[in-house]
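Structure first, then comments.
All ligand and atom numbering here is 1-based and tracks the order in the structure.
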Amino acid sequence: MGPAAHSDPAVRLLADLVRIPSINPMGRACSGPQYTEAAIGAYVESFLRRHGIDVQVSESAPGRPNIIGYVDAGASRTLLLEAHLDTVHAEGMTVEPFSAEIVDGALYGRGACDTKASLAAFLHALTTVLQHPGRLAYNVIIAAVADEEYRFTGAIHALKSGLRADCGIAGEPTMLHIVRAHKGVVRWHVRTTGRAAHAAYPDRGENAIYRMGRVLERLEHHARELQARTPHPSLGTPTLSVGMIEGGQAVNIVPDHCRIEIDRRTLPGERADDAIRAVSDLLGECEGCEIEDPYLAVSGMDVPGDALIVQSLARAIRPVAGEPVIEGAHYATDAGLYTSAGIPTVVFGPGNIADAHTAAEHVALQELHAAVTIIQNLLTTPAP
Ligand SMILES: [Zn+2]
């Protein structure tokens, strides 16, 4: 970690963000200073205020803040720059998760790539442009939100609270490619119930796990059917996967309950309700089966290639990184929520998604610097 590298303010900002743990508890009963977005939110709030930006802080749950800064440039269009504050957990990492070490031109740590590098690039680009009054070509809303890694409640809360913009960028590691389309995701549980009995007298009970076995066979068949559908040109086919199962109390008791968790990836335009209805039709009159409401539903998105945000961002990329790659991705992001709420939003940022959530998560500083210049270009060039 050379002091020379840290003389760069964008790197220093990223290092600060990585040194403040912001692990998403993801439904587990975790508490302690490493968890939630509270501390990092306070840092981002004071960073924005220090640069004279109006800030609103709004919690979707205790300790789960969205930090939203507003810059009115008197422009005709408003651009949303959004990045999430949370990270996945840091167990099993082979590098120090929160010391922001720099090795061979890359900064290491949990969240370095997903997605604190994007957040640092957005914050640094905006505040440097603001040092020269009159250069902003857009009104800017900079949103640092909670809980993207689990239930997207930060972005949902921001939209419910009235967030509006003409177009947006959700910062995620895309290697500076423009991701203008991605799949959505719907997750929900299916339960079966039965009747408990001593395992020595199984015919006195009703086995909920056997019932679930029949459900699983139908779901596996349905998953194969989905993958046989005509593929979207860049996103392929929808998918379904059963990822979790639990049931029974003890091996000597006929189980009276079983529960599975389904992950269904949707194509842009597919509705969560329809995906769930297809499963309930498939299960039909299944005795003792219950389909729960989804606990997560994020739409896919497909922003047209000629949309203002795609064209403006492409023009900002060209002098920095050459002809931009414009593509689709299979993962879901907050951009799906904004786009379906009428804010065409693409995904863009430094780092490689293949390094996100890994044991040696890192981001190349060269990409961080390139992202800063690209966002500065975007912010200072009037829309075509
Ligand atoms: Zn992310």
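In this structure, Tyr43 and Phe47 have parallel ring planes: the angle between them is below the 30° cut-off, well short of the 60° mark.
Between the Zn ion (ligand 1) and Glu149 there is no N/O/S contact shorter than 2.8 Å.
For the residue pair His89/Asn24, the side-chain donor-acceptor check at 3.5 Å is not satisfied.
Ile53 places a side-chain heavy atom less than 4.5 Å from the side chain of Leu130.
Salt-bridge check for Glu225 with Arg229: failed, with every basic side-chain N at 4.0 Å or more from each acidic carboxylate O.
Minimum-distance N/O/S atom of Glu172 relative to the Zn ion (ligand 1): OE1.
Seen from the Zn ion (ligand 1), atom NE2 on His84 and atom OD1 on Asp114 lie at an angle near 100° (rounded to 10 degrees).
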